[in-house]
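See below for the structure under consideration.
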Protein chains: 2
Amino acid sequence: MKTVSIRDIARHLNLSITTVSRALDGYPDVSNRTRVRILETAAEMGYVPNQAARQLRRRKTDAIGYVLSSSHARFNDPTIADTLSGLADEAAVHGVDLIVSIAPPDSDQESAIFKRLSRSQKVDGVILGRIRKEDWRVQFLHDEAMPFVAFARSNDAVDYPALEGSYEYMLPRIITHLKSEGYQRLAFIGGDSDSVFHINRLEGFKEGLEANQLAYYPELVFTGNYASSAGYETTLQLLKNQPRPDAIVCISDETAFGVLHALREKKVKAGSEIGVTGFGGTAESTYSDPPLTTVDIPIYQLARQAVATLMSVIRKKKEIVIPEVPEPVLVIRQSSIIGAT
Amino acid sequence: MKTVSIRDIARHLNLSITTVSRALDGYPDVSNRTRVRILETAAEMGYVPNQAARQLRRRKTDAIGYVLSSSHARFNDPTIADTLSGLADEAAVHGVDLIVSIAPPDSDQESAIFKRLSRSQKVDGVILGRIRKEDWRVQFLHDEAMPFVAFARSNDAVDYPALEGSYEYMLPRIITHLKSEGYQRLAFIGGDSDSVFHINRLEGFKEGLEANQLAYYPELVFTGNYASSAGYETTLQLLKNQPRPDAIVCISDETAFGVLHALREKKVKAGSEIGVTGFGGTAESTYSDPPLTTVDIPIYQLARQAVATLMSVIRKKKEIVIPEVPEPVLVIRQSSIIGAT
DNA sequence: TTGTTTTTCCAAAACGTTTTGGCTTTGCAA
DNA sequence: TTGCAAAGCCAAAACGTTTTGGAAAAACAA
């Protein structure tokens, strides 16, 4: 905390603080000899620029924000680790800090956080996760002229950079696979009904059914919470009624784990009796019983790209190139194979 | 981004910026009438104090830092979600920001991050996770006089506030339970060998054996990575040799899941043939096959308490009270019951 | 030589707060 | 009336940078 400022270096070398500042910033109007002297003593004295002063003067913060939705976090969402690693890693690449907050979706806290983030100039930009169909955050940030990038696109009438992170086009592939295995009566367990992920993936589910000439049963479509509990409880319900579905398509791996557990408890064979698929490609999907058919989503990459895009918006690159998102992969395991043990 | 400053308010009301500042900060030397006027126009004009300016002047940042260890994150550690929610929630309570970075343990990046954090005055304090036996970070932060709190205590000769988050005393209880079930030959799959969690829990394991008059087999003790893969691979190894252990104690639930999967693959009945226990109490432990005996750790609470403690250090409370950490609970499920199906 | 350009440096202002050390004005007591 | 205290307000300095707009010195050109 014994902090050395640019002024100390200047005094120490009998130079002006202007020259020291400019030397450190690499301006050409300081001779090589003095530049070297300055760099050396700076290093030697352990100089690190004071962020607050720099921010105040430069009028930017070199920080970006990410607000976890707490429902999200509390349920131990496995994506959170990958997401944060990606965000933090890429932020480091660009030399900016990552400020993480947490709030329930559409809560007062959430709105307070976003107001503070933008108006008190805490961050240069924001990453938006868990996009809702109508998302007040995009309108707000747009109005505030605060740069942002989203993991998916909402329905708001605002043009903004968004990754296509819902991967709804993978659902038809899942369904084609299920049909080829002989499953016919498909259920769907989704997320909260206003999340874009849920809406898009449900849409993909319907399209998949249609493309495969399978019937759509509205009574077999459920909302959930991305967590195991939704899968577990919904499945218990589902098993009570006849006719049963013969396959359950889940919006997340976690949900699918809950389904598997319920089936096991009710002595229904996952795979041979009822097919189950997840979405996400968590490490545990390899180790479940039976191993889970899922879509392997490159969340870590996605997060990195979100930050990369945001930085190009902030730094006012001429055109924002939204980087290609790596293709997800359908991983077929025993949970969706009728001939499985 | 059209930002309104304290000066705007002053001009608008024909007052000095001093008065406005003092009114907003609640000083007594401003009349009630003007205070109200100021508060009203401030709200009306949407004033939010500029953080950088405030930090610069007040010489504190109202932010705390947390550095994820990336090996940690990449393996999809389930504790990360709870930890971060706890940190972020409690940070919000105290009105401070949480800055999250990521770096591999003992790497150059890690040292660069900590240097920047402390010297450029980005944060008022730091939370330390994944404590190592000899942890350079505690010496460093101590030398820099940067406040910090750790989730567990290292061996360094420095006095600092640390929670007792390794809960090694729960291991004897696990072992007593295992013994009472009739298991005798116990294996242990841990974490990285220099982490305090690993060391303490292994110690607890040994003590538990001794207390229960069970033999300690060094060849049955393994390091790992807290993730499923370690459990899976170690178990495959373990099953090749005779005599086998009849129970496997794991340092984390994830590790235990890997163990369960390996056992299933090799047609060994978890529970009746080989007992398995985890540590952590993840939601999935309820849903595994068989359900996993584990120790339910209040990670979220622990994280909150870490922040609370840190804030009391920062705010220079006379004495630092390290809050009581809620008691973990041993949850016994079928994975460690011999009579189980 | 004089004039011109280039190189190298710097004083001062600015960013938006907080804080110090007052200065007026008012009210009250003597 | 004077003296004094309290209440209410403010100018200016400070925090540590960056940036503007030169100025002095050196190098070069004529």
Side-chain angles (χ1 to χ4, degrees), chain A residues 1-39 41-42 45-63 95 97 116 118-124, chain B residues 1-39 41-42 45-63 95 97 116 118-124:
Chain A
M1 297 287 249
K2 28 114 210 221
T3 189
V4 10
S5 83
I6 214 174
R7 166 169 284 109
D8 297 323
I9 303 179
R11 207 155 24 212
H12 193 265
L13 291 177
N14 248 324
L15 287 169
S16 76
I17 60 172
T18 308
T19 308
V20 176
S21 171
R22 311 211 102 214
L24 292 173
D25 266 11
Y27 282 75
D29 65 351
V30 32
S31 80
N32 248 322
R33 239 166 46 84
T34 39
R35 176 191 310 286
V36 170
R37 285 206 304 150
I38 289 174
L39 290 181
T41 46
M45 296 174 76
Y47 169 76
V48 179
N50 177 299
Q51 288 303 307
R54 172 172 280 181
Q55 283 173 31
L56 178 57
R57 179 60 229 218
R58 285 194 177 159
R59 338 203 77 235
K60 56 182 196 127
T61 64
D62 285 328
D97 284 325
R116 258 171 38 99
S118 112
R119 292 223 243 272
S120 71
Q121 293 145 280
K122 292 178 103 56
V123 297
D124 296 333
Chain B
M1 299 285 248
K2 28 108 207 232
T3 190
V4 12
S5 84
I6 214 174
R7 167 170 280 110
D8 298 323
I9 303 180
R11 207 154 26 213
H12 193 266
L13 293 177
N14 250 324
L15 289 169
S16 78
I17 59 173
T18 307
T19 307
V20 176
S21 171
R22 310 209 104 216
L24 292 173
D25 266 11
Y27 280 74
D29 64 350
V30 30
S31 80
N32 249 321
R33 239 165 49 81
T34 38
R35 179 192 307 286
V36 170
R37 285 207 304 150
I38 289 174
L39 289 181
T41 46
M45 296 173 78
Y47 169 75
V48 179
N50 177 300
Q51 286 305 308
R54 171 172 282 181
Q55 283 173 30
L56 178 57
R57 179 61 229 216
R58 285 193 178 159
R59 335 202 80 237
K60 56 179 197 133
T61 64
D62 285 326
D97 284 324
R116 257 171 40 98
S118 115
R119 292 225 241 271
S120 71
Q121 293 145 279
K122 293 178 103 61
V123 297
D124 296 332

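Just so you know, these numbers come straight off a predicted model, no measurement behind them. Lettering of chains follows the sequences in order, A, B, ..., and the numbering in each one begins at 1.
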[N] [atom2] sits how many Å from [X] [atom1], rounded?
{"X": "Lys122(A)", "N": "dG16(C)", "atom1": "NZ", "atom2": "C1'", "answer": "14 Å"}
{"X": "Arg33(A)", "N": "dA26(D)", "atom1": "CZ", "atom2": "P", "answer": "12 Å"}
{"X": "Arg35(A)", "N": "dT8(C)", "atom1": "CZ", "atom2": "P", "answer": "10 Å"}
{"X": "Gln55(A)", "N": "dG16(D)", "atom1": "CD", "atom2": "C1'", "answer": "12 Å"}
{"X": "Ile38(B)", "N": "dT17(C)", "atom1": "CD1", "atom2": "P", "answer": "13 Å"}
{"X": "Leu56(B)", "N": "dC15(C)", "atom1": "CG", "atom2": "P", "answer": "14 Å"}

Checklist entry - Which heavy atom of Gln121(B) sits nearest a heavy atom of Thr3(A), and at what distance? => result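 For Gln121(B) and Thr3(A), the tightest heavy-atom pair comes out as OE1-OG1, 3.2 Å.
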Next on the checklist: If you define the side chain from C-beta out and look only at heavy atoms, does anything of His12(A) sit under 4.5 Å from Ile9(A)?
Outcome noted: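 Of all side-chain heavy-atom pairs linking Ile9(A) with His12(A), none is under 4.5 Å.
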Please work out if [X] contacts a base, only the sugar-phosphate, or nothing of the nucleic acid, heavy-atom cut-off 4.0 Å.
{"X": "Ser31(A)", "answer": "sugar-phosphate"}
{"X": "Asp29(B)", "answer": "base"}
{"X": "Ser5(A)", "answer": "sugar-phosphate"}

Could you check which of [options] has an atom nearest any side-chain atom of [X]?
{"X": "Ile6(A)", "options": "dT19(C), dC10(C), dT18(D)", "value": "dT18(D)"}
{"X": "Arg22(B)", "options": "dA11(C), dG16(D), dT19(C)", "value": "dT19(C)"}
{"X": "Tyr47(A)", "options": "dT17(D), dC10(C), dG8(D)", "value": "dT17(D)"}
{"X": "Ile17(B)", "options": "dT18(D), dG16(D), dT18(C)", "value": "dT18(C)"}
{"X": "Thr18(A)", "options": "dA11(C), dC9(C), dG8(D)", "value": "dA11(C)"}
{"X": "Ala53(B)", "options": "dT17(C), dT18(D), dT17(D)", "value": "dT17(C)"}
{"X": "Leu15(B)", "options": "dC10(D), dG16(D), dT17(C)", "value": "dC10(D)"}

Checklist entry - What residue among Thr19(B), Val20(B), Asn50(B) forms side-chain contact (heavy atoms from CB on, under 4.5 Å) with Ile6(B)? => result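 Of Thr19(B), Val20(B), Asn50(B), side-chain contact (heavy atoms from CB on, under 4.5 Å) with Ile6(B) is met by Val20(B) alone.
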Next on the checklist: So, OP1 or OP2 of dT18(D): does either fall under 4.0 Å of a side-chain N or O from Arg58(A)?
Outcome noted: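 Indeed, a polar side-chain atom of Arg58(A) lies that close.
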Checklist entry - According to a strict under-4.0 Å criterion, is Tyr27(A) in side-chain N/O contact with OP1 or OP2 of dT19(D)? => result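 Tyr27(A) to dT19(D) OP1/OP2: side-chain N or O found under 4.0 Å.
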Checklist entry - Would Arg58(B) and Asp25(B) satisfy salt bridge (Lys or Arg N to Asp or Glu O under 4.0 Å), going step by step from the backbone distance to the final call? => result CA-CA 13 Å; Arg58(B) 285 193 178 159; Asp25(B) 266 11; 3.5 Å; yes
Next on the checklist: Quick check on DNA chain C: between Arg54(B) and Asn14(A), whose nearest nucleotide comes earlier from the 5' end?
Outcome noted: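 Of the two residues, Asn14(A) wins.
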Checklist entry - How far does the helix from dT1(C)-dA30(D) to dA30(C)-dT1(D) bend, going by the axes of its first and last five pairs, to the nearest 10°? => result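 Here the helix ends are tilted 60° relative to one another.
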Next on the checklist: Let me spell it out: for each of Pro28(B) and Ser21(A), pick the nucleotide of DNA chain D with the closest heavy atom. Which residue's pick is nearer the 5' end?
Outcome noted: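 Looking at DNA chain D, the more 5' nearest nucleotide goes with Pro28(B).
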Checklist entry - Do Arg116(A) and Asp97(B) meet the salt-bridge criterion of a basic N to acidic O distance under 4.0 Å? => result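 Yes.
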